[in-house]
Protein chains: 2
Amino acid sequence: MENITEMLKGVLEGCVLEIISRGETYGYEITQQLRELGFTDVVEGTVYTITIRLEKNNLVDIEKKPSTMGPPRKFYTLNEAGQKHLEVFWEKWEFVSSKINELKRK
Amino acid sequence: MENITEMLKGVLEGCVLEIISRGETYGYEITQQLRELGFTDVVEGTVYTITIRLEKNNLVDIEKKPSTMGPPRKFYTLNEAGQKHLEVFWEKWEFVSSKINELKRK
DNA sequence: ATGACTATTATGTAATACTATATAGTGGTA
DNA sequence: TACCACTATATAGTATTACATAATAGTCAT
């Protein structure tokens with residue numbers, strides 16, 4: 001699917017939060033998971049700007065670990081604020097997507 | 001629902017296109033319809049920037065008509081390019097929303 | 001004539017995904 | 001050795017878009 005950039009604004013961060021909530025993970029792996037999900041054009045740079053934002057907003061805990069496959073990885077886990085943020089994200093998503101689907105149907 | 005601004009980016013234009021596709025309408029009325037739909041915080045300025053964008057991209061036909069309720073209204077109808085654009089919008093929406101719901105479920 | 005409602009336009013700002021590039025570690029292979 | 005592919009993070013700059021705010025203007029009731 002081409003050119004879904006604008007439509008991803010405001011939801012990509014929530015997707016990243018959701019992926020992190022499934023268990024400790026790091027930027028590069030998150031990118032791959034988003035691609036597997038279908039957002040094939042998402043690049044590392046985009047995900048890193050999001051994870052750095054999550055750090056700044058204190059929504060994640062961080063642990064740096066060595067890797068045998070390359071440079072050290074920065075592993076993220078959701079903290080309590082991150083969990084709460086994720087819940088709010090899904091509430092917003094439910095609201096917005098239901099309204100848009102309502103518009104589409106009628 | 002509070003603070004859904006970022007989530008509306010990339011979908012609001014599609015919503016406006018859909019509303020116009022239902023029949024000739026103008027900015028102020030579009031704003032009211034979006035509010036009725038549930039996007040209560042959408043303001044006129046936002047809708048006008050969208051309609052002006054639609055004009056620039058030649059997705060709409062325009063007709064100015066006098067009103068007995070105030071200043072003249074600029075009525076919009078979708079042209080062929082606009083119809084096509086709307087179809088593409090819904091395809092993108094189906095794609096993105098299905099992927100996000102998939103992520104939510106699993 | 002004042003205010004409420006209708007109606008459009010314009011300027012500036014904030015948020016966010018993307019482009020492009022730099023840096024760096026590991027392993028394979030020519 | 002030198003090169004390449006893959007893994008991994010970071011960042012500067014850009015484009016897009018919704019919003020805040022304000023200006024302008026027409027109609028109508030009080």
Side-chain angles (χ1 to χ4, degrees), chain A residues 1-17 24-35 39-57 59-60 62-76 85 89 92 96 100, chain B residues 1-17 24-35 39-57 59-60 62-76 85 89 92 96 100:
Chain A
M1 179 66 59
E2 283 168 25
N3 224 25
I4 56 173
T5 295
E6 290 309 322
M7 213 174 266
L8 288 181
K9 282 190 183 176
V11 294
L12 209 49
E13 181 183 298
C15 291
V16 170
L17 279 172
E24 200 181 46
T25 184
Y26 54 98
Y28 191 81
E29 193 179 52
I30 293 168
T31 309
Q32 290 177 312
Q33 287 191 37
L34 286 169
R35 287 183 175 163
F39 302 148
T40 51
D41 294 337
V42 171
V43 292
E44 287 85 348
T46 299
V47 174
Y48 289 119
T49 55
I50 292 172
T51 54
I52 286 165
R53 200 158 69 226
L54 297 178
E55 288 182 39
K56 281 184 186 162
N57 295 334
L59 301 174
V60 287
I62 310 170
E63 200 179 346
K64 203 153 195 171
K65 296 182 187 178
S67 166
T68 57
M69 299 291 285
R73 299 163 173 166
K74 270 176 76 176
F75 282 87
Y76 295 100
H85 202 83
F89 165 75
K92 286 184 189 174
V96 171
I100 291 174
Chain B
M1 179 64 61
E2 284 169 25
N3 223 24
I4 56 173
T5 294
E6 290 308 322
M7 214 175 265
L8 289 181
K9 285 192 182 174
V11 294
L12 210 49
E13 179 182 300
C15 292
V16 170
L17 279 172
E24 200 181 45
T25 184
Y26 53 98
Y28 191 81
E29 192 179 53
I30 294 168
T31 309
Q32 290 177 312
Q33 288 192 37
L34 286 169
R35 286 183 176 162
F39 301 148
T40 52
D41 295 338
V42 171
V43 293
E44 286 87 349
T46 298
V47 174
Y48 288 116
T49 54
I50 292 171
T51 54
I52 286 166
R53 201 158 68 226
L54 297 178
E55 287 183 38
K56 282 185 186 162
N57 295 334
L59 301 175
V60 287
I62 311 169
E63 202 181 345
K64 204 155 194 169
K65 296 181 187 177
S67 167
T68 57
M69 300 291 284
R73 298 163 173 167
K74 271 176 76 176
F75 282 85
Y76 296 100
H85 202 81
F89 166 75
K92 286 183 190 174
V96 170
I100 291 173

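Letters A, B, ... mirror the listed sequences (proteins, then strands); counts begin at 1. Just so you know, these numbers use all the heavy atoms, side chains as well, and skip hydrogens, waters and symmetry mates.
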Inter-residue atom distance A/Ile50.CD1 - A/Glu13.CD, 0.5 Å rounding: 6.5 Å
Do the side chains of A/Asn3 and B/Lys92 get nearer than 4.5 Å, heavy atoms only? yes
If the sugar-phosphate is the primed atoms plus P, OP1 and OP2 and the base is the rest, what is the B/S/- string for nucleotides 7-19 of chain D, using protein heavy atoms under 4.0 Å? BBBBB---BBBSB
For A/Glu24, enumerate each residue passing the side-chain hydrogen bond (donor to acceptor under 3.5 Å, both in side chains) test, keeping only those at least two apart in sequence or located in another chain. A/Lys65
Tell me whether A/Glu55 is salt-bridged to A/Lys74, with the criterion being a basic N under 4.0 Å from an acidic carboxylate O. yes
What I'd like to find out is whether the side chain of B/Leu8 reaches to under 4.5 Å of the side chain of B/Thr5, using heavy atoms alone. no
Could you tell me whether a side-chain N or O of B/Lys9 sits under 3.5 Å from a main-chain N or O of A/Gly10, the two making a donor and an acceptor? no
Looking at side-chain heavy atoms only, is the closest gap between A/Thr51 and A/Tyr76 below 4.5 Å? yes
Are any non-hydrogen side-chain atoms of B/Val60 and B/Arg53 less than 4.5 angstrom apart? no
Tell me the interatomic distance from A/Leu54, atom CG, to C/dA15, atom P, rounded to whole angstroms. 15 Å
I need the CZ-P distance between A/Phe89 and C/dT16, as an integer number of Å. 12 Å
When the axes are fitted on five pairs at both termini, how much does the helix from C/dA1-D/dT30 to C/dA30-D/dT1 curve, in 10° steps? 20°
